[in-house]
Number of protein chains: 2
Amino acid sequence: MGGTAASSSTATATATTERATRRGRIDKRQAILDAAFTVFANRGYARACMEEIAEVAGVAKHTVYNHFGDKESLFHAAMEATGNAVMGENLAVAERLTAGGAERAATGPTAASDGSGAGFDPVRSCLEDVAHGLLQQCCDPRSWALRRLLYAEITRFPELLEAVWGRGADRLRQTLADRMARLSLAGGLCPCDPVEAAEQFLALLTGPMEARSQLGTRPVPTAELDTVAEAAVRTFLRAFQAERPRAALSAAAS
Amino acid sequence: MGGTAASSSTATATATTERATRRGRIDKRQAILDAAFTVFANRGYARACMEEIAEVAGVAKHTVYNHFGDKESLFHAAMEATGNAVMGENLAVAERLTAGGAERAATGPTAASDGSGAGFDPVRSCLEDVAHGLLQQCCDPRSWALRRLLYAEITRFPELLEAVWGRGADRLRQTLADRMARLSLAGGLCPCDPVEAAEQFLALLTGPMEARSQLGTRPVPTAELDTVAEAAVRTFLRAFQAERPRAALSAAAS
DNA sequence: GTCAAAATGCACTCGCCAGTGCAGATTATG
DNA sequence: CATAATCTGCACTGGCGAGTGCATTTTGAC
């Protein structure tokens, strides 16, 4: 019936053809990538066997070889795909850090922004939102599995660093740094090196999670994530918040 | 003959026997442990083969099995030994963080302790010393190899977490927390949760090194270590240094 | 020198798994 | 239905490496 279609529907037919053909391939391909990452994460690169990957993907072993050639290429592809997905989510969270709140902070009533007193602090709440989001991402089991696999195989596959980590982590830090710079200019943060601020903000977030999640083997309850995020923002703001409130405070005292 | 030995010389004889006998064994044992860690670090657990370990240790394969039974036990022993060594060095550095300087800080001329102005700040210099030492330890190739192996095999050998990491990292953080608490009481730091302070101090140190050393695959020049240590201490002190200088400042202003 | 424990060298078994070849089933297309 | 591409199931090779057995040698104690 597809063959009797009029030329007017050629475009549709072609699209359908491509979609149908590719859909099957893409679906299988994606299923294989997902299964591969799962199995690699569970067993490690060396112990993972292609047969199990095929089995988990619901596919014949030959199909895996048809798509990816050999184990090493499959590993590379699976790591890159997962890395892109994870880093995309991280970037989306980081971009929620807007300087919009900072302007309100500079003009609004922010007398309590130094200590942990009452009053609404838009910079703080925005940072806490981003901190919480980043922590949730970074404590996702898939994220931890990716880190573990990277650490495990980085000496044997150094190119993974650039393909999976470098492009992602660099962009995350740069994105944060951009937002920090705008926060500084808007008066929400003191003048500082935005890259350093971003680096340390990330360190205050992810550093404590290593021990608390036991290298990713223990699921961390949300309440604990909140605790860490809050503590990180508190320390970060004490170190980097604009000094204006203090000046106001001393002026009031004098 | 052992049965006919006089009871008076039993202790000495036994000691001599054990010492001499064990010395040979201990030397081989240690050589095997060192070689095992090296090979595991280079190849990963799964790809490391017992024959190469024996070869590197200068020992027959059978000797390895005589001492450690099987590959898994050898891995465990090698990880634990290296972990103890690394953590011992870390603890030694952390214990250089004394509250002695803090008292001097509280009584001496510390007007410039808030900003980065001139004047000698013993708390800062002591923190910088410890920060630099910890960074040096944590960037040691052996330390990175240990981290990589832990990350790589933690899902398959969960007991390693307690044996290698837990006991060590916990003690490091607790030791730092103890010193932080004394610094607080002595007036060098503001009143704060010392465990949280220690956690964040460590995070500010080790967090940035992950990206900078590319997961331990790139040797970090000493100058960069200094940069990171200095930045970490600067941020830490801005967040945690005692407020007394500010009080003194406002008192002088009024 | 004598003895026992430890260490060595060699050859061997056994299980695991990457990758291949082939013959047949499935699927989309015309 | 015909065709071509893809997918599937199965059997197979080849290599690698953990762990063992045994005969021999070295080492340290008495």
Side-chain angles (χ1 to χ4, degrees), chain A residues 1-7 9-32 35-36 39-40 43-76 156, chain B residues 1-6 9-32 35-36 39-40 42-76 156:
Chain A
M1 47 198 286
T4 63
S7 62
S9 64
T10 300
T12 308
T14 306
T16 305
T17 300
E18 278 188 357
R19 207 188 322 139
T21 305
R22 303 275 182 182
R23 175 191 291 268
R25 295 187 61 180
I26 285 182
D27 282 357
K28 300 256 185 210
R29 194 183 170 89
Q30 192 57 47
I32 294 171
V39 175
F40 282 135
R43 303 251 192 276
Y45 176 79
R47 300 206 200 221
C49 68
M50 298 293 271
E51 195 140 8
E52 187 183 359
I53 292 174
E55 195 177 319
V56 171
V59 144
K61 190 168 63 160
H62 249 345
T63 307
V64 178
Y65 281 99
N66 283 341
H67 277 277
F68 295 99
D70 60 4
K71 192 181 180 182
E72 201 172 313
S73 307
L74 174 58
F75 182 63
H76 194 287
R156 205 171 333 280
Chain B
M1 44 184 339
T4 62
S9 65
T10 299
T12 308
T14 305
T16 305
T17 301
E18 277 188 358
R19 205 187 328 135
T21 305
R22 303 275 181 179
R23 173 189 293 266
R25 293 186 60 181
I26 284 181
D27 283 356
K28 300 256 185 209
R29 194 183 171 89
Q30 191 57 47
I32 294 172
V39 175
F40 282 134
N42 286 340
R43 303 250 193 277
Y45 175 80
R47 301 205 200 223
C49 69
M50 298 293 270
E51 195 141 8
E52 187 183 359
I53 292 174
E55 196 178 319
V56 171
V59 145
K61 189 169 63 161
H62 249 345
T63 307
V64 179
Y65 281 99
N66 283 341
H67 277 276
F68 295 98
D70 60 3
K71 193 181 181 182
E72 200 173 314
S73 306
L74 173 60
F75 182 62
H76 193 288
R156 206 170 335 279

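dG19(D) atom C1' lies 9 Å from atom CE of M50(B), rounded to whole Å. The interatomic distance linking I53(B) (CD1) with dG19(D) (C1') rounds to 14 Å, in whole Å. E55(A) places its CD atom 15 Å from the C1' atom of dC10(D), with the value rounded to the nearest Å. In this structure, F68(A) places its CZ atom 14 Å from P of dG19(C), rounding to the nearest Å. As a whole-Å value, the separation of H67(B) NE2 from dA7(C) C1' is 9 Å. As a whole-Å value, the separation of R47(B) CZ from dC16(D) P is 13 Å. L74(A) has its CG atom 16 Å from the P atom of dC17(C), to the nearest Å. In this structure, E52(B) atom CD and dC16(D) atom P are separated by 14 Å, rounded to whole Å.
Atoms CZ and CG, on R156(A) and N42(B) in that order, are 9.0 Å from each other to the nearest 0.5 Å.
If you check every strand for non-hydrogen atoms under 4.0 Å, A48(B) touches sugar and phosphate atoms only.
The side chain of K71(A) sits closest to dA18(C) out of dC7(D), dA18(C), dA18(D). The side chain of C49(B) approaches dG17(D) more closely than any other nucleotide in the set dT8(C), dA11(C), dG17(D). Side-chain proximity of K61(A) to dA11(C), dC7(D), dT20(C): nearest is dT20(C). Across dG17(D), dT20(C), dT8(C), the shortest atom-to-atom separation from the side chain of Y65(A) is found for dT20(C).
Considering only side-chain N and O atoms, H62(A) lies nowhere under 4.0 angstrom from the phosphate OP1 or OP2 of dC10(D). OP1 or OP2 of dT8(C) lies within a sub-4.0 Å distance of a side-chain N or O belonging to K28(B).
Here the side chain of K28(A) pairs no donor or acceptor atom with the backbone of A57(A) at under 3.5 angstrom.
Pairing each heavy atom of I53(B) with each of A35(B), the nearest pair is O-CB, 3.6 Å.
Using the six-membered ring where Trp is involved, Y45(A) and F40(A) have ring planes that are parallel, under 30° apart on the 30 and 60° scheme.
Within 6.0 Å of the CZ atom in R43(A), the count of heavy atoms belonging to other residues, nucleotides or ligands does not exceed 12.
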